[in-house]
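Here is the structure we will look at, set down as structure tokens.
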Amino acid sequence: MNWRLINWQSQYRTLAVLASIVIGLIAINFMPVEQQAIAGWLVATTLQMATPLVLAGLGGMYSERGGIVNIGLEGIMLMGAFTGAAVAYYAKDPWLGLLGAVMVGGLFASIHGVACVKYKGNHIVSGTGIILFGTGLSTLLLELVWHQKGQGEPVTNTVPDLMFPALLDHPFLGPAFSVISPIVLFMFIITGVSWFVLFRTPFGLRLRAAGEDPSTLDSAGVSVQWTRFIGVVISGCLAGLGGAYLSIGFGSAFAKEMTSGRGFISLAAMIFGNWTPFGVLAAGLFFGFLISMNYFIQIYFPILLPFANFIAMLPYVLVIIALGLIRKSVPPKAIAIPYEKEKKG
Amino acid sequence: MSMSMEYVVELENITKTFPGGVQANKDVTLRIQKGEVIGLLGENGAGKSTLMNMLYGLLQPDSGKIIINGEEVNLKSPQDAIVRGVGMVHQHFKLIPVLTVTENVVLGLEPILKKMDVRSIPGGRTIGAVLPIDFGTAAKRITKIGDENGLPVNPNSKIQDLSVGLQQRVEIIKMLYREADILILDEPTSVLTPHEVDELFVTLKEFVKAGKTIILITHKLRESMALCDRICVLRDGALVGTVARDDTSPQDLAQMMVGRPVVFTTEKEPKTPGEVILSVQDLHVLDNRKLEKVKGIDFEVHAGEIFGIAGVQGNGQTELIEALAGLRKPKSGIITVDNIRISGKRPRFVREAKVSHIPEDRHKRGIILPFTIEENIALGNHYRPPFAGGPLNAVLDLDTTHSITENLVEQYSIKLSSTEALASTLSGGNQQKVVVARELSTKPRLVIAAQPTRGLDVGATEYIHEVLIALRDSGVAVLLISAELDEIQNLADRIGVIYDGQIVAVKSPGEATQTELGLLMAGHTDEASEEGVAIS
Ligand SMILES: Nc1ncnc2c1ncn2[C@@H]1O[C@H](COP(=O)(O)OP(=O)(O)OP(=O)(O)O)[C@@H](O)[C@H]1O
Ligand SMILES: [Mg+2]
């Protein structure tokens, strides 16, 4: 492999990130034990809150790198959350639940894919349809399956957490990492895998080409339609998984509209992360951190409670500030433009 | 069957009509032998690109047969053409600026790391799509192809950092990488400098020696005479004739193309220039990467004068033009038009100072492809009469826009289905005509014409030359920037040679030969150039 293709800047960035993690850990090590516990709790909550955002954000990235805007993530996540809970509930197997969520997510996204890729529909209109459809259908199915209005029956067979008893006694590492969901670990793995797929494999190269200039991809003898369609389907699979994490990973039941806007925050994370896997991971972790700060304030500084909503708003405000003032993010060039052969330009 | 075996490509009775009703090809039959160089000539919009796009599988004919190497084929996508050895360099390059040379070249045919390549086993192609690309081997192969064919290029640079000439090199390497032996080149020379054209032709001749077949589309008759064995002429979508090179002349070809005799050197009366219109003093301009590209330029263009700037691409012309048109703020220096200072002002201010600008990159600066032709004609003047009217000029006057467009279409013989068609449906040359028509119709005091005839057929080139001379005669100042020495020598009253961000010499057209200008453009000083001529 030709490592020269990595630019130095991104290597420095990686070094900077690693260095700040090490410095952070050392600093935490010198804190009083109670504060270390709080820090550990913050880290664990950040990871939990970030996981659905990062998974769906990576999904959005696959779709948009290929040129298809997917604002339907919210609806797809809801369907994933529902399917995960329903399958785990009946089959009594959380892994089947996850599998079902991934499949239904992919299926749902493929509706969007057919509408946008094959029939060259408007991405925003179709995506809005997916949101409404996913929200409505998951709510309807909730009533049909569990005969309840707001929340389904608790699922007993949720995804088992991984335990690391060795860490238990450490004041910081214990609360942070001793009990961790495999889906959280998967988030890190899939980020690395996505980087590899996007920048090192034929599929990734073709996907990026489809999003930058589909006529060039066509002229290179590759089907633009298939490439774009697969990108959209992957986005649905990841968003479905992100949704299932809410209902059977982190939580243990499906609730009506339980994603509460996470699909949109994950789009913000994708843009903030400049359509790159590690960027999405960093942005998702950052947003997750803001959400957990919100909990932190609610628990430790109840006096600030009236401002909780304000803090919940912060991720969005930060995205706007960051995108407007700090740096320009560069979306794929041909995004949201249907590819039509018999039209030049 | 045995008869047809000697042809590599046979196009039989090809007809193609676009949605919207333009019949781009009418019953075209063309047979090409192995190892031949075929020239394809025709006016803008004659259907040359369309015909070749069908041979490359990008478009599908409505009727007719395509036979490659004796086998009748149904090309559903370029993939079908690529596997049969057809390669194409498109009129507007198919390269992705943000990707590297290697990534662009291997796209669609990526090598997989050897020990992991499973693409030969069933289902392996799908798995192969997510296995690591062997960038190292690919880069080596690209370097090798480049070295063997005299097309050196750095496989790790990004396309956006390469000059147009180098980008074209990448396009050719892309064909060779796919082991194409039927090479289609759609106007490969229109963006090249004379020197680059010479290099390209040396390369193409090598290809022919190696047994490859070449189809060359060009508007420059001299080029087709220099390289082609046979020349086919298309007019209005139909094949009007095929002639052997030795039986024809540029004059005959031009007549076949446009249906009337064409004058190659436009006559112009001597004229004493009037007052100074454009004055540039000690201009310094930076490029996007903050490198100084224009390094202190001074010149004046007078009323009734065509001042030509000749130079190899990348010597500061782009930045100079952009600074003059208000598209780029100069670092320092003064530009005035009619004694109004325009340096550092916005493009609208510059336009209102009666400056017209024919940009060198029509897609980037000249037209908006998804807009209609009428909208493109109004663009830039859309906010003032005659294009806008009503209170505060807030309403577009569509009827006037329509009639103005109709007039220009007539005057410049722009080939289109309707003035309300999208600019993206026009052939490359007709897009250029729209830009030129808009810019020259606004009664300017100064015209900045950058490569004004790039991609235009001989008839249209002749017409635009006439218009530029008529403007000069009526007292307009014309600044002509062109890579084409013929054009510059023909039109300009004075020629400035730009090299490395400076005007290194100003000559009158009679005073300097093409060789001298060429040497100056390559950075030789005046004395050195004389020596150079003496030696050669
Ligand atoms: N996608 C399209 N949709 C509709 N009409 C088109 C399309 N592409 C080309 N045309 C029309 O078909 C005709 C032939 O176009 P083509 O691009 O083949 O011309 P050309 O001979 O290559 O001209 P040029 O020398 O200007 O490049 C033109 O009238 C053009 O307007
Ligand atoms: Mg053409």
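Model, not experiment: these values are computed from the prediction.
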Original post:
Does A/E64 use its side chain to pair, donor to acceptor, with the backbone of A/W275 at less than 3.5 Å?
Top reply: no

**OP:** Report, by ascending residue number, the residues of residues 203-211 of chain A in heavy-atom contact with chain B at a distance under 4.5 Å; give 'none' if the set is empty.
**Re:** A/F203, A/L205, A/R206, A/R208, A/A209

Subject >> Leading residue by heavy atom contact count with chain B [cutoff under 4.5 Å; candidates A/A220, A/S219, A/S223] >> reply: A/S219

Original post:
What's the verdict on side chain to side chain donor-acceptor pair (under 3.5 Å) for A/D213 and A/S215, showing C-alpha distance, side-chain angles and the deciding distance?
Top reply: CA-CA 6 Å; A/D213 183 0; A/S215 77; 3.1 Å; yes

Subject >> Donor-acceptor contact below 3.5 Å, side chain B/Q60 vs main chain B/L75 >> reply: yes

**OP:** Side chain from CB out, backbone as N, CA, C, O: work out which of these in B/P370 comes under 4.5 Å of a heavy atom of chain A, or both, or neither.
**Re:** neither

**OP:** Under the side-chain hydrogen bond (donor to acceptor under 3.5 Å, both in side chains) rule, collect the residues that match up with B/N44, sequence neighbours excluded.
**Re:** B/H219

Original post:
Among all residues two or more places apart in sequence or in another chain, which pass the ring-ring contact (aromatic ring centres under 6.0 Å, His included) test with B/Y56?
Top reply: B/H90

Original post:
Among B/M88, B/H92, B/K94, which residue forms the greatest number of heavy-atom pairs with chain A at distances under 4.5 Å?
Top reply: B/K94

Subject >> Part of B/V98 lying under 4.5 Å from any heavy atom of chain A >> reply: side chain

Original post:
Thinking salt bridges, do B/E103 and B/K174 make one under a 4.0 Å N-O criterion?
Top reply: no

Subject >> Aromatic B/Y177 / basic B/R141 pairing, under 6.0 angstrom, 45° off normal >> reply: yes

Subject >> Heavy-atom contact with chain A under 4.5 Å, split by part of B/I112 >> reply: side chain

Original post:
Checking heavy atoms, do the side chain of B/K140, its backbone, both or neither come under 4.5 Å from chain A?
Top reply: neither

**OP:** Specify which of B/L131, B/L109, B/I82, B/L99 makes the most heavy-atom pairs with chain A at under 4.5 Å.
**Re:** B/L131

Original post:
When you look at NZ of A/K120, are more than 12 heavy atoms from neighbouring residues, nucleotides or ligands closer to it than 6.0 Å?
Top reply: yes

**OP:** Could you list all the salt bridge (charged side-chain N to carboxylate O under 4.0 Å, His left out) pairs where at least one residue sits in residues 44-59 of chain B, not counting sequence neighbours?
**Re:** none

